[in-house]
Amino acid sequence: MAPLFLLALVSAARSSTDTTRSVDVLLGTVALAYTARSATALPYGADLRVLLALIQQVTETGEVRLTVPALLQAAGLGYGGRQHEALFAALDRLAAVTYTVQQAPAALGLPGAFRLVMPAFRLPGGELQIEVSPEMLAQVLRVRANPAPTFRPEIPSSALALYGVLDTLQQLPGQGQTGALSLPLLGLCELLGLSGRPDNARRALLAMVEDLRSAGYISRAEIRGQGGARGLRSPTPAPTPNRWRCCAASGCRGPGPPPSCGGTARRACGGA
């Protein structure tokens with residue numbers, strides 16, 4: 001995936017704040033801070049599936065030309081009047097949002113400000129024409145020039161945002177080379193846009209983890225540390241903060257099983 005997906009550009013869930021979303025998190029040694037703004041509504045949920053379909057189909061000139069049924073199929077949204085309406089609503093949200101990045105790893109070469117796509121319009125023949133922003137196109141072409149088998153079309157829509165973050169983190173030097181990641185639970189929930197009560201956000205995150213485990217991307221995951229909901233509510237890191245550790249099956253190196261997620265932690269997802 002393009003390095004921009006480390007920012008979880010599309011929230012995993014609809015936020016109570018419709019037009020502005022500010023993120024400022026520390027994932028291990030990776031600091032991320034950015035603001036998303038929209039004149040209408042911020043993209044969320046299956047909008048990410050639509051964005052992925054667009055960047056898979058985009059030409060080197062930055063254009064996507066597809067019929068509505070072809071784009072629905074590429075995005076895996078199905079067919080019908082309701083899906084047709086959902087597609088155009090997603091395209092509107094993706095075109096309206098802008099991002100300003102205050103902090104991100106320099107190695108990713110992320111732009112300081114960018115958009116995702118331009119507004120879609122119909123051609124005389126009935127096809128949709130959508131232009132990807134220059135910043136997004138540069139990221140896509142960079143990935144295509146150094147192809148890696150990172151995109152997993154079988155990943156369910158509910159877990160795509162988390163998948164994009166983990167996939168990009170593993171590409172950073174010193175992050176996922178051992179096949180395991182250890183991440184702060186609260187920061188990860190904030191990045192993915194899982195707002196609301198801390199216990200609800202935690203449950204939503206663990207459901208996404210389980211979806212990735214079922215798809216074979218994660219071998220197992222667990223919650224480490226103490227504090228439960230109390231720790232999640234803490235505005236500053238506690239002495240033993242809640243952390244989420246995963247062993248990513250696709251990131252393991254060498255023979256044998258994934259690295260052990262040992263210790264006395266309480267198991268959050270299945271696994272040996």
Side-chain angles (χ1 to χ4, degrees), residues 1-25 27 32-58 64 71-72 74-77 83 85-101 104 108 110-111 113-120 130-133 135-137 139-140 143 150-169 187-196 201 204-205 207-209 211-212 215 217:
M1 280 192 174
L4 278 173
F5 284 96
L6 179 61
L7 301 179
L9 302 171
V10 177
S11 304
R14 172 177 272 172
S15 171
S16 58
T17 306
D18 291 335
T19 59
T20 303
R21 178 171 174 248
S22 294
V23 173
D24 188 352
V25 299
L27 303 181
L32 298 171
Y34 73 92
T35 303
R37 293 185 176 88
S38 173
T40 56
L42 297 172
Y44 69 95
D47 295 359
L48 181 54
R49 180 83 57 188
V50 176
L51 179 60
L52 287 172
L54 293 176
I55 66 174
Q56 286 179 312
Q57 301 291 331
V58 69
V64 178
L71 184 51
L72 284 170
L77 296 181
Q83 288 81 2
E85 182 180 344
L87 173 63
F88 280 93
L91 290 172
D92 287 344
R93 287 189 291 268
L94 292 171
V97 66
T98 60
Y99 300 85
T100 304
V101 180
L108 296 180
L110 301 185
F114 63 95
R115 298 177 66 180
L116 299 177
V117 300
M118 304 299 115
I130 304 135
E131 291 187 17
V132 173
S133 73
E135 297 82 9
M136 178 62 77
L137 179 62
Q139 293 266 313
V140 172
V143 171
T150 57
F151 180 65
R152 300 278 293 274
E154 71 274 17
I155 299 297
S157 295
S158 58
L160 269 177
L162 176 59
Y163 169 71
V165 171
L166 297 180
D167 185 71
T168 309
L169 277 174
L188 196 54
C189 286
E190 179 185 346
L191 179 62
L192 296 171
L194 301 175
S195 58
L205 174 61
M208 296 168 72
V209 171
D211 285 341
L212 290 184
Y217 183 71

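Every value quoted in this text rests on a predicted model; they were computed, and no experiment measured them.
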Gap between atom [atom2] of [Y] and atom [atom1] of [X] - 0.5 Å precision:
X: Leu51; Y: Arg49; atom1: CG; atom2: CZ; result: 11.5 Å
X: Leu27; Y: Leu191; atom1: CG; atom2: CG; result: 6.0 Å
X: Leu94; Y: Met118; atom1: CG; atom2: CE; result: 11.0 Å
X: Leu188; Y: Leu194; atom1: CG; atom2: CG; result: 8.0 Å
X: Leu48; Y: Leu160; atom1: CG; atom2: CG; result: 5.0 Å

Specify the closest pair of heavy atoms between [X] and [Y], including all atoms of both residues, with the distance to one decimal.
X: Ala96; Y: Thr40; result: CB-OG1, 3.5 Å
X: Arg115; Y: Thr98; result: CG-CG2, 3.7 Å
X: Gln57; Y: Val64; result: CB-CG1, 4.0 Å
X: Met208; Y: Ala161; result: CE-CB, 4.5 Å
X: Leu77; Y: Gln83; result: O-CG, 2.9 Å
X: Ile130; Y: Leu91; result: CD1-CD2, 4.3 Å

Exercise for review: Show the numbers, then the answer: is there a side-chain contact (heavy atoms from CB on, under 4.5 Å) between Leu7 and Val23?
Suggested key: CA-CA 9 Å; Leu7 301 179; Val23 173; over 6 Å; no

>> Closer than 3.5 angstrom, by distance alone: can the side chain of Asp167 be matched with the main-chain N or O of Gly164 as a donor-acceptor pair?
In response: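 Looks like no, no N/O pair under 3.5 Å.
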
Check each of [options] against [X] using the side chain to side chain contact (heavy atoms under 4.5 Å, CB included) test, and report the only one that passes.
X: Phe5; options: Leu166, Val165, Ile55; value: Ile55
X: Met136; options: Leu116, Leu54, Val117, Val58; value: Leu116
X: Arg37; options: Leu42, Thr100, Thr19; value: Thr100

- Query: Does a sphere of radius 6.0 Å around CZ in Arg14 hold more than 12 heavy atoms from other residues, nucleotides or ligands, not counting ones at 6.0 Å or beyond?
  - Reply: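 Not buried by this count: 12 neighbours or fewer within 6.0 Å.
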
Open item on the list: Under a 3.5 Å cutoff, is there a donor and acceptor pairing between the side chains of Tyr34 and Arg21?
Closed with: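 Tyr34 vs Arg21: donor-acceptor pair found between side chains.
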
Is there a side-chain contact between [X] and [Y], using heavy atoms and a 4.5 Å cut-off?
X: Val50; Y: Leu87; result: yes
X: Leu4; Y: Tyr99; result: no
X: Pro3; Y: Leu110; result: yes
X: Phe114; Y: Leu9; result: yes

